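Computed from a predicted structure; not experimentally measured.
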Amino acid sequence: MDSLSLFKTNKERLYFLFILFVIFVYNVSVYYVEFREFKDEEIYKTDAIVLNIYDKKSYKVLKLQSNDFVCFTSTIDDINLNKLDNINIYLLTENITFFNYLQGFYTKNFNITKLISKNNLKKDIRNYIYNQHENKTIASLYTALFLAIPVSKDLRELFSQYGVSHLVAISGFHLGIISLVLYFIFTIIYSPIHQNYFPYRNKRLDILIIITTILFLYLIFLNIVPSLLRAFVMFVFGIFLLRNNIKLFSFESLLIITLVILALFPKLLFSLSLWFSIMGVFYILLFVQYFKNLNKYMQIILFNFWLYLAVNPITHYFFGITAYEQLLSPILTILFTIFYTSTILLHILNFGNLFDIFLLDIFSHSITHLEIFTPVWFFVLYLIVSIASIFNRYLFYLLNILFIGFNLYIYI
């Protein structure tokens with residue numbers, strides 16, 4: 001049976017877009033009410049969680065998460081703060097616009113007070129991970145992989161030099177691995193239960209519902225990481241489409257998911273991680289569209305290399321770090337699947353330090369790099385050609401010429 005289309009007519013598409021627009025306007029209105037309440041106080045007192053700490057020469061910059069917003073502030077106070085600590089803080093609201101409020105703003109503060117830690121499962125897990133490693137840098141890598149806790153600036157730059165930043169930021173790649181592992185586990189556990197008590201039920205659907213519930217709880221636990229949110233919405237949407245025999249892998253589906261996320265969470269319009277995640281899926285769909293008839297083994301070999309080269313012109317517009325070691329990224333991406341699943345199990349069993357000696361060698365490797373950014377004109381051209389490639393094979397050929405030329409330019 002051929003796959004059906006999600007919308008039968010353009011009128012249905014317009015109705016759907018109108019509903020999403022109404023939801024978007026409503027949520028923005030809610031944010032505006034919160035903003036006005038925030039601005040009513042010249043000095044706003046709030047409790048917040050320390051998401052990240054950026055060490056500067058004479059001060060520290062704190063990234064804070066309150067109940068309503070994310071903000072940045074600095075401190076020179078001698079307060080022993082760590083990530084995930086709870087604090088009470090007074091923020092100055094002057095000169096903060098509604099746009100700043102949505103985007104995440106910087107403001108001055110005073111009277112930071114560290115609060116007595118409440119029962120915090122995320123913090124307990126972080127401590128459990130840290131206790132398995134003598135090297136704090138390695139421990140922070142694993143807390144980033146499992147708990148989405150940001151790494152230090154130096155470690156972030158190291159990942160950029162190796163071209164593996166996408167592996168550290170929890171996204172659809174990680175969700176896919178977790179889903180496959182959970183499906184394998186619950187197939188073993190649920191099969192005898194299903195056979196003895198629920199043979200009339202759809203076993204696969206039951207397992208998918210269990211996995212979806214676990215992934216949803218994980219998403220909430222991580223405080224709705226944008227890239228993981230995109231992947232989760234796509235996962236749920238994919239189940240819906242498959243159950244209704246509607247075409248799953250399509251650019252229209254990706255667009256719908258993007259619009260749904262932005263309608264429900266307007267602040268994510270300013271999330272670079274979300275747009276990078278969407279960009280990755282876009283080029284995966286482009287690869288599938290034009291290489292679907294290629295030999296499967298050739299597809300497997302070509303996929304990661306093509307994808308890395310294709311997204312390079314976009315990532316280099318925002319991040320200019322360029323090193324020859326980045327060419328190892330496709331290979332490291334393939335190996336990461338084994339590394340990620342095994343380290344989860346090892347940390348559960350309290351043997352998380354098994355790979356530390358290898359990671360220390362990687363971290364200590366000296367990398368020579370340059371700062372090369374994508375020119376604005378090429379960035380705009382590349383985006384236009386990428387989107388147009390959906391509809392025209394010859395423009396897809398042009399796209400390949402553009403990114404091959406760009407990669408030769410930055411690496412040679």
Under 3.5 Å, is there a donor-acceptor pair linking the side chains of His369 and Glu157?
no
Determine the interplanar angle of the Phe98 and Phe35 rings, folded into 0 to 90°, and report it as parallel if under 30°, tilted if 30 to 60°, perpendicular if over 60°.
tilted
Spell out, as yes or no, whether a donor-acceptor pair under 3.5 Å connects the side chain of Tyr183 to the backbone of Leu208.
no
Gap between atom CG of Leu182 and atom CD1 of Ile207 - 0.5 Å precision:
11.0 Å
dist Tyr340:OH -> Ile170:CD1 (nearest 0.5 Å) comes out at 5.5 Å
Could you tell me whether the side chain of Asn82 and the main chain of Asp85 form a donor-acceptor pair under 3.5 Å?
no
Closest heavy-atom pair, Gly163 versus Ser329, reported as atoms and distance to 0.1 Å, is O-OG, 2.7 Å
Please report the closest heavy-atom contact between Leu147 and Leu222, naming both atoms and the distance.
O-CD2, 3.3 Å
Does some side-chain heavy atom of Val50 sit less than 4.5 Å from a side-chain heavy atom of Leu84?
no
Keeping the roles fixed (side chain from Gln132, backbone from His347), state whether a donor-acceptor pair exists under 3.5 Å.
yes
Looking only at atom types and distance, does a side-chain atom of Asn353 sit under 3.5 Å from a main-chain N or O of Asp356, one as donor and one as acceptor?
no
Distance-only side-chain donor-acceptor flag, Ser389 / Ser386, under 3.5 Å
no
Is it the case that the side chain of Ser191 and the backbone of Ile188 share a donor-acceptor pair, with hydrogens and angles ignored and the cut-off at 3.5 Å?
no
Verify the ring-centre separation between Tyr142 and Tyr130: is it less than 6.0 angstrom?
no
Gln65 side chain to Asn223 side chain, donor-acceptor N/O pair below 3.5 angstrom
yes
Under the side-chain contact (heavy atoms from CB on, under 4.5 Å) test against Phe237, which residue among Leu254, Ile256, Val260 passes?
Ile256
Tell me if the centroids of the rings in Tyr128 and Phe146 come within less than 6.0 Å of each other.
no
Between Phe287 and Phe291, is the ring-ring contact (aromatic ring centres under 6.0 Å, His included) condition met? List the steps.
CA-CA 6 Å; Phe287 178 90; Phe291 292 105; 4.8 Å; yes
Centroid-to-centroid, Tyr101 to Tyr31, below 6.0 Å?
no
Criterion side-chain contact (heavy atoms from CB on, under 4.5 Å) on Ile23 and Phe18, from CA distance to verdict
CA-CA 9 Å; Ile23 295 173; Phe18 177 74; over 6 Å; no
Go through the steps to decide whether Lys267 and Gln103 satisfy the test side-chain contact (heavy atoms from CB on, under 4.5 Å), and finish with yes or no.
CA-CA 6 Å; Lys267 288 183 179 180; Gln103 189 178 27; over 6 Å; no
Check whether the side chains of Thr73 and Asn109 place a donor and an acceptor atom closer than 3.5 Å, and report yes or no.
yes
Given the rule in the side chain to side chain donor-acceptor pair (under 3.5 Å) test, do Tyr106 and Ser74 qualify, once you have shown the distances and angles that lead to the verdict?
CA-CA 9 Å; Tyr106 177 88; Ser74 57; 2.6 Å; yes
Mind checking whether Phe216 and Phe232 have parallel, tilted or perpendicular rings, split at 30° and 60°?
tilted
Point-to-point distance, once rounded to the nearest 0.5 Å, from CD1 of Ile193 to CZ of Arg201:
13.0 Å
Check the pair Phe373, Phe319 against side-chain contact (heavy atoms from CB on, under 4.5 Å), reporting the backbone distance first and the verdict last.
CA-CA 7 Å; Phe373 289 92; Phe319 308 104; 5.6 Å; no
Within the distance-only criterion (no hydrogens, no angle test), does the side chain of Lys83 pair as donor or acceptor with the backbone N or O of Pro150 below 3.5 angstrom?
yes
Is the centre of the Tyr44 ring less than 6.0 Å from the centre of the Tyr90 ring?
no
Paired with Arg230, the side-chain hydrogen bond (donor to acceptor under 3.5 Å, both in side chains) test is passed by just one of Ser271, Ser171, Ser277, namely Ser277
Test your reading of the model: is there a side-chain donor-acceptor pair from Thr322 to the backbone of Glu371, 3.5 Å cut-off?
no
Can you give me the closest heavy-atom contact between Phe276 and Thr315, atom names plus distance?
CE2-CG2, 4.1 Å
Looking at the rings of Phe336 and His174, which for Trp means the six-membered one, are their centres under 6.0 Å apart?
yes
Donor-acceptor check, side chain of Asn312 to backbone of Leu309, threshold 3.5 angstrom: yes or no?
no
Within the 4.5 Å heavy-atom criterion, are Leu158 and Gln161 side-chain neighbours or not?
yes
Do the side-chain N and O atoms of His194 and Asp206 include a donor-acceptor pair separated by under 3.5 angstrom?
no
Closest non-hydrogen atom pair, Leu285 against Ser250
CD1-O, 3.5 Å
Is a donor on one side and an acceptor on the other found under 3.5 Å between the side chain of Gln326 and the backbone of Ser160?
yes
Only residue of Tyr283, Phe396, Tyr308, Trp306 satisfying ring pair (Phe, Tyr, Trp, His ring centres under 6.0 Å) with Phe403 is Trp306
Give the minimum heavy-atom separation between Ile367 and Glu325, together with the two atoms involved.
CG2-OE1, 3.4 Å
Main-chain N/O of Thr213 paired with Tyr218 side-chain donor or acceptor, under 3.5 Å:
no
Ser140 and Leu155 have their tightest heavy-atom pair at OG-CD2, 3.4 Å
Rounded to the nearest 0.5 Å, what's the gap from CD1 on Ile301 to CG on Leu294? Could you check?
9.5 Å
Distance-only donor-acceptor check, side chains His166 and Thr333, under 3.5 Å:
yes
